[in-house]
Amino acid sequence: MLHTFSTENFHSICDQLCTQDPELAFIVKTYGYPPMWTRPNTFESLIHIILEQQVSLASALAALNKLREKLTKITPAKLLELTDEELKACYFSRQKMSYARFLAQAIQSKAFNAKAMEKLPDEEVRKALVALKGIGNWTADVYLMFVLQRADIFPIGDLAAVNALKQVKKLPKDTPPEKLLGISAAWQPYRTVATMILWHYYLSLRVKDTSAETEKIKKAVTL
């Protein structure tokens, strides 16, 4: 049986995590429950996650919106019709043009089937995704968490989650990944929801200084 979360159990999972972890409890008590961030299982969502690689979420959303303006509906066939110049005008780097086209071709040739991912265990989903050009563990983690709503993922490659964890636990900046993974193990089988609490903390702290930018980021995470 696949381990997922939903609107029906999201808050109760948060409550359970708060009984186990005083720092997570502090976040929820101070800032409220985190949003339950999800995205539909579509080609557009995968393109969005690719665009988010190694750039700000606001920048990725700007690129996605330019692509939406260009295509109206983002599909593999329509994306493959675009030239390099047209994709560049949508703020795609040369690398991300290549990744997006490879994904589109994989879907068109049926080498990758997003719908089929919904029935596969987490590690099989990860294996299928990282076999695609330009998709690594961070992209797979975000897809598992946001799109498939798998409940037990901790994205060790996500700087916002990692930095929030270090800050709330008062850990040194050079804390090794192994220690962070050890801490996150205590949240099993709900590491995804714990991560969403950490993201909520990260974004809530930014509100104090850059509320407009934070709203853009929140929107980018949700879309």
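Just so you know, residue 1 is the first one in the sequence shown, and it goes up from there.
Between the side chain of T175 and the backbone N or O of P172, at least one donor-acceptor pair lies under 3.5 Å. The main-chain N or O of R191 is found under 3.5 Å from a side-chain atom of D152 such that the two form a donor-acceptor pair. Of the possible donor and acceptor atoms, none in the side chain of K70 sits under 3.5 Å from a partner among the backbone N and O of A89. In this structure, the side chain of K78 engages the main chain of L71 through a donor-acceptor pair within 3.5 Å. A donor-acceptor pair is defined here as one N or O able to donate and one able to accept, closer than 3.5 Å; no such pair exists between the side chain of H48 and the backbone of F43. The closest donor-acceptor contact from the side chain of E44 to the backbone of I74 lies at 3.5 Å or more, if one exists at all. No side-chain donor-acceptor contact under 3.5 Å links E124 to the backbone of P121.
For the ring-ring contact (aromatic ring centres under 6.0 Å, His included) condition, the pairs that include at least one residue of residues 172-196, sequence neighbours left out, are H3-Y190. Sorted by first and then second residue, the salt bridge (Lys or Arg N to Asp or Glu O under 4.0 Å) pairs with a member in residues 8-36 read D21-K169, E23-K169; sequence neighbours excluded. For residues 158-168, the set of pairs meeting the side chain to side chain donor-acceptor pair (under 3.5 Å) definition, not counting sequence neighbours, comprises W138-D158, D158-W199. Note on residues 151-176: no pairs pass ring-ring contact (aromatic ring centres under 6.0 Å, His included), not counting sequence neighbours.
Closest non-hydrogen pair, R150 versus M117, comes out as NH2-O, 3.2 Å. Nearest heavy atom pair, residue T195 against residue A161, reads CG2-CB, 3.9 Å. Residues L80 and A104 approach most closely at CG-CB, 3.7 Å, considering heavy atoms.
L2 and M145 fall into different hydrophobic clusters, defined by Ile, Leu, Val, Met, Phe, Trp and Tyr side-chain heavy atoms under 4.5 Å apart, directly or through other members.
For K88, the side-chain contact (heavy atoms from CB on, under 4.5 Å) criterion is met by E85, M97, not counting sequence neighbours. Residues satisfying the salt bridge (Lys or Arg N to Asp or Glu O under 4.0 Å) test with R126, not counting sequence neighbours, are E123, D141.
Going from atom CG of L132 over to atom OG1 of T139 covers 10.5 Å, rounded to the nearest 0.5 Å.
Under the 4.5 Å side-chain criterion, counting only non-hydrogen atoms from C-beta, L61 is not in contact with L51.
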